[in-house]
Protein chains: 2
Amino acid sequence: MIRKPTSRETARKPNMREAILAAAEELFATNGFNAVSVRDIAHAAGANPGSVTYHFRTKDGLLLEIYRRHCGPMNLRRSELLAAARRVRDLQDRLEAIVRAYVVPAFTSGSDLAGGGARFTRLRAVMSAEGNEVARKIIAQTFDDTSHAFIDAIHESLPHIPRTDIVWRSHFLLGALYYSLVTPERVSRLSRGEADGSDAAGAIEQLVQATVAAFQAPALDQAAPARRRPVVSSKS
Amino acid sequence: MIRKPTSRETARKPNMREAILAAAEELFATNGFNAVSVRDIAHAAGANPGSVTYHFRTKDGLLLEIYRRHCGPMNLRRSELLAAARRVRDLQDRLEAIVRAYVVPAFTSGSDLAGGGARFTRLRAVMSAEGNEVARKIIAQTFDDTSHAFIDAIHESLPHIPRTDIVWRSHFLLGALYYSLVTPERVSRLSRGEADGSDAAGAIEQLVQATVAAFQAPALDQAAPARRRPVVSSKS
DNA sequence: TGATCTTTTGTACGATAGTACAAATCACAT
DNA sequence: ATGTGATTTGTACTATCGTACAAAAGATCA
């Protein structure tokens, strides 16, 4: 999109650059940024360490390019699905459609690259946990608009819930989404094999079902604690 | 608990060992394991790098000791609160009490060390995202029993929900909990200052309210998709 | 074929990592 | 006061890190 591909763009190996990107994405997403060395990436991609420097200059540049690759398409897909969801008449159905528009691209789409969006979403989860600065910047300036659009849409379908509560609950949604991608094996283990945490379709259905209910929870009346209060003692 | 403190246990600085542990906990929790060097930790604790080696032998040993410090007390507190919650008669109230028993210690308690359990819970979140092996082992063997106890308790108060769904939803709970501690500033930002993501009490109330509703969501009938299906097109 | 540009390779450099270890320093019982 | 064991300091070693760069190899077109 930025460079015009000259006719001799093709390299010796068919797209070594892409192989490096894919390997880096995989390694970063599973081990974190700092645990993976440029040499690890090069080795996994069948490339020479110097080749990474040639294509991306620095390790940060490599991470940045991964984000550039995915953020656009994923945001676009989310916007499309959100626009369609907003046109749903029934408020209950609309809420579910909105949540689905948020969740589905994170699991399955996001770019045409192999592996789908799940790997990239997991990468985002890990980078956010590590407090990576490069990631933080590009995420805030790329996804905050979309996040606000989703929050607004949800708020419209739940007018009686304060916006603050919606923000919190959408935050929980993202956390649940991230964690499902980070440690899927925990689900399999705790369910004693009855559930498969790595099954994207199953995870999506569970997440959508649970999240819709969470959004529909009664508003948190911060002023008046109307209902019964904590039943168990709380020391300090 | 393992060493009997001889009368000359006190060092030159009052508890340099504890200072190192606290500094490491803080740095690991905010930057990840690999991004923090032993020298960073020593500097933050006002200690000499060699002192870290003396007390904990290796960097892994330091992390392990942090876990040992917190896992026991936190598990104990959770068990106490869970036992109390199970005695609540009303099923709705009981469910909320159980969720609270899970959430509250993660935010506020967990050990007598300064800073409370929030720092340690955040540390666990980051280590889990990084796929840290030392952490994974000790977590699985320390918390799985407790997790099962909570899942069972929740299942008892929601008998009509399949266990699989409960597992998924408690997984989402943990993910939401982790993420709230990892990036609280995102809540403040998205709510445009109306909510404070760093306010533990507020986060707890929001999380409990949302999670209880999520647990109470209708069961996911994997066999019969009774309700209307996705309203928006799904390509691929 | 030979010139030219792109890509890959191989190697090296300075910085920093984790850890080991001897020497210095401390607290305390005698 | 002095000896003794626990702790802290200072330093050094080896490995690996990110990155730079010159040379080799490959591709493209005159």
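In the text below, chain A, chain B and the rest are named by the order of the sequence lines, each starting its count at 1.
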Close approaches to DNA chain C from residues 54-67 of chain A, in residue order (heavy atom, under 4.0 Å): A:Y54, A:H55
Heavy-atom protein contacts under 4.0 Å, nucleotides 10-16 of chain C, coded B base, S sugar-phosphate only, - none: B-B----
Side-chain donor/acceptor of A:K59 to backbone N/O of A:T53, under 3.5 Å: no
Earlier contact from the 5' end, DNA chain D, for A:T53 and A:D40: A:D40
Parallel, tilted or perpendicular, as decided by the 30° and 60° cut-offs, for the rings of B:F120 and B:H70: parallel
Flag, side chain of A:N15 to backbone of A:R17, donor-acceptor distance under 3.5 Å: no
Spacing of A:H43 atom NE2 relative to D:dC17 atom C1', expressed in whole Å: 17 Å
Donor-acceptor contact present, side-chain B:R77 to main-chain B:P105, <3.5 Å: no
Donor + acceptor pair across side chains of B:D165, A:Q206 (<3.5 Å): yes
Rounded interatomic separation in angstrom, taking CE from B:M16 and C1' from D:dT9: 10 Å
Euclidean distance, atom CG of residue B:N34 to atom C1' of D:dA15 [Å, nearest integer]: 16 Å
Listed partners of A:F215 passing ring-ring contact (aromatic ring centres under 6.0 Å, His included), at least two apart: none
Centroid-centroid under 6.0 Å between A:Y179 and B:Y178 rings: yes
Atom-to-atom span, CG of B:L27 to P of C:dA17 - whole angstrom: 12 Å
Over all atoms of both residues, closest heavy-atom pair of B:I66 and B:A24: CD1-CB, 3.9 Å
Separation of atom CD in B:E18 from atom C1' in D:dT7, rounded to whole Å: 15 Å
